Number of protein chains: 2
Amino acid sequence: MFPVKELDLRATEVYPGTQAVARAIALLKAFNDAQPEWTLNDLAQATGLNKTTAFRLLSALEAERLVMRNPLSGGYRLGVELIAMGSAAMRANPLRAMSRPVLVTLAEQTGEAATLEVLVEDYVLVIDEAPGSNPMGMTQDVGHRLPVHATATGKILLAALPEAELAQRLAEPLLALTDRTITDPEQLRSELARVRQEGLAIAVGELEPGFTAVAAAVQDRERQVVAAISIGGPSVRLTPERLPAVAAMVQMSARQISRQLGYWPG
Amino acid sequence: MFPVKELDLRATEVYPGTQAVARAIALLKAFNDAQPEWTLNDLAQATGLNKTTAFRLLSALEAERLVMRNPLSGGYRLGVELIAMGSAAMRANPLRAMSRPVLVTLAEQTGEAATLEVLVEDYVLVIDEAPGSNPMGMTQDVGHRLPVHATATGKILLAALPEAELAQRLAEPLLALTDRTITDPEQLRSELARVRQEGLAIAVGELEPGFTAVAAAVQDRERQVVAAISIGGPSVRLTPERLPAVAAMVQMSARQISRQLGYWPG
DNA sequence: GTATTATAAATCATAATATGAAACGACTAC
DNA sequence: GTAGTCGTTTCATATTATGATTTATAATAC
């Protein structure tokens, strides 16, 4: 379905003269849903920074409101300025702007939630979501990071990676989120082969029990897979009988967005 | 209604050893809805940075995905990592977490959209929104920056500022967004006096024509005004006859959140 | 086709800036 | 009372960021 680029492992060379900025960003990236608040010491330890350095960088981030202190505990949290920046980043994202109408239509046609996701570092990031018309689809998932190996979109994006990078990722253990999550690298490899051939990925109860998703690839003018779109909903509604029809709609929508990006099939 | 703290102009002293980080953040802050994409030169000029320095900092930000390049134009845009961080910042915000149930109830009771907003630098930032039950309330405003002088929430937050800081802000020209926007500093001052006394702010068609909002203050255990909540909707629904009842509900909700923060009336 | 302009990227000597060890002060636990 | 933990400040040091200049690249004009 889509070609796989070979050997592109981008040089992770750090640009000289950017140590302080890189470190500040590392501090920001330490915050997540599992640990939204950090003490200075823990954060310094987690990022491998000297306590003084972490303190100084955090002070700078705090002055700009990218980080805030909990007045009671003194702990650090992400600040309000990031909410504004994130929202601006969302609105400025060209891929999102292009996909939005298609995504909304897809959600209407299927009645299920449609998402647009991209690969960011180790995770799949939801950059847009059109809610399904049915209730119980009110999950506001935009901005969430999801594991690549347990999502339909993640499989699509993994399937398009050059072999070298894929191997690197499969070297890490695959976390079982449900009893249906694929945790065996070899099994995932053959799944990805199927995805590549069919241009379609499915995940039934692999992310969370009772949740099914179907995804397809969005490609740009250079035929690069730049994103994946999906339809997701309760497995009781997205039944094996209904899936083929939904999948076809997802694929059509993905092709529609790809065409807007200058992709030309054939 | 609520006391005004005197003379607190926080020292804008820059912490030594944080120049690079401060500059990098300044670059990020340059991006907004009006100008979501920048060329290197323009951005360097706008931030007052040397072109080389701007380039180097942007490279660091790009490597961490806080900034991305438009492959066609080569221009800089905010990157996807900020979407993830902003979303995490939202979920980690304690004020938002506390207010959410109250906000949802308020929106249900009134049928109009309820928001939670804080003062960030020159703007009011929407950090949460519970949609109204009526259609035409589907504005997803979270993350948006709104002008202080033309919003009900902004007036609430301005009214609580120490005189010195207020004077500083009123020195800047007040932009007219509609023909009803208050642009005269003295008029705004007397409006703020009224807001202070009544503990309530109203804006009818001051932000955009046909949009009305009512806001009240959220105070913490030290009686500091830390946020404002509001109900907003079309002026044809939020009529002068209906406003007092809605205002009372907004005030009750604000007090409810304040109490959760440890505020004790009296 | 060459010249011109604008913009981005690379180079590198310089010193300004970030760094981290050490010390301090404020709490808390025992 | 003592020891331990945590955040903050100080300060000498050299590592790291800086920016003038150069080179590369692309777009536009002539």
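Fair warning: this is a prediction, and the values are worked out from it, not measured in the lab. Every chain is numbered from 1 and lettered A, B, ... according to where its sequence line falls, protein lines coming before strand lines.
Between B:T52 and D:dT18 there is no side-chain polar atom (N or O) within less than 4.0 angstrom of OP1 or OP2. Distances shorter than 4.0 Å separate none of the side-chain N or O atoms of B:Q19 from OP1 or OP2 on C:dA16. Residue B:R56 places no side-chain N or O under 4.0 Å from the OP1 or OP2 atom of D:dA17. The shortest distance between the side-chain N/O atoms of B:T53 and the OP1/OP2 oxygens of D:dG19 is below 4.0 Å.
Note: CG (B:N70) to C1' (C:dT7) measures 15 Å, nearest angstrom. As rounded to whole Å, 14 Å separates atom C1' of D:dC6 from atom CG of A:N50. In this structure, B:L49 places its CG atom 13 Å from P of C:dT17, rounding to the nearest Å. Between the CG atom of A:L72 and the P atom of C:dC27 there is a distance of 15 Å, given to the nearest Å. The distance from atom CD of B:E62 to atom C1' of C:dA9 is 12 Å, rounded to the nearest whole Å. Note: CG (A:L57) to P (D:dT9) measures 15 Å, nearest angstrom. Between the CH2 atom of A:W38 and the P atom of D:dC6 there is a distance of 14 Å, given to the nearest Å. As rounded to whole Å, 11 Å separates atom P of C:dA8 from atom CD of B:E37.
No cation-pi contact links B:R255 to B:Y263, judged by a cut-off of 6.0 Å to the six-membered ring centre and 45° from its axis.
By the 4.0 Å N-to-carboxylate-O rule, B:E129 lies too far from B:R96 to be salt-bridged with it. Between B:E62 and B:R77 there is no salt bridge, since no side-chain nitrogen of the basic residue lies less than 4.0 Å from a carboxylate oxygen of the acidic one.
In this structure, A:R23 and A:Y76 both approach DNA chain D, and ranking their closest nucleotides by distance from the 5' end singles out A:Y76. Along DNA chain D, the nucleotide nearest A:N41 and the nucleotide nearest B:K51 are compared for position; the residue whose nucleotide lies closer to the 5' end is A:N41.
Residue A:S230 forms a side-chain contact (heavy atoms from CB on, under 4.5 Å) with just one option from A:V126, A:T153, A:L116, and that option is A:T153.
Contact of A:T18 with D:dA17 (side chain to base): no donor-acceptor pair of N or O atoms is detected under 3.5 Å.
Residue B:L40 is classed as a sugar-phosphate contact, given heavy-atom separations below 4.0 Å to backbone atoms only.
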> Going through the distances and angles, do A:Q219 and A:L261 end up as a side-chain contact (heavy atoms from CB on, under 4.5 Å)?
Replying inline: CA-CA 7 Å; A:Q219 293 171 269; A:L261 291 176; over 6 Å; no
